[in-house]
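As structure tokens, the structure follows; a few thoughts come after it.
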Amino acid sequence: GYSWVLSWGMIAIFSMYVLLTNVTVMNMLIGILCEVVSEVKREDEECVAIDFMKEHLRTMLTDLDQDKNENISKKELQAVVEDERAQKVLSELQVKP
């Protein structure tokens with residue numbers, strides 16, 4: 001007369017097995033999703049940093065080109081050391097002059 005207890009016990013064990021495997025698979029998928037989002041965020045931050053550098057560096061070099069010949073001479077480049085705005089841009093880019 002205990003066959004119904006055994007069958008309900010087996011059903012409970014099987015249900016727990018299915019539940020745990022589903023939770024494990026969902027956990028793996030969430031881990032993969034988090035890794036992908038993290039990688040995309042890192043790449044996006046790099047692109048933003050590069051765009052920031054291009055914009056500010058180009059503006060800074062254009063302003064330092066005193067004779068407007070689109071070439072930076074040694075004298076004009078030395079002005080970077082003295083220019084406070086140029087120092088700020090370089091420090092934001094983590095460049096030591």
Not counting sequence neighbours, list each pair that qualifies as a salt bridge (Lys or Arg N to Asp or Glu O under 4.0 Å) and has a residue in residues 13-42.
-> E39-R42, K41-E45, R42-E46
Joint cluster assignment, I11 & W4, ILVMFWY side-chain distance < 4.5 Å | yes
Where do T21 and V18 come nearest, in terms of heavy atoms and distance?
-> OG1-O, 2.9 Å
Hey, what do you get for CG (L6) to CD1 (I13), rounding to the nearest 0.5 Å?
-> 8.5 Å
How many angstroms lie between atom CG of N27 and atom CG of N22, to the nearest 0.5 angstrom?
-> 12.5 Å
Here the salt bridge (Lys or Arg N to Asp or Glu O under 4.0 Å) pairs for residues 49-60, sequence neighbours left out, are none
From S38 atom OG to L33 atom CG, the distance as rounded to the nearest 0.5 Å = 11.0 Å
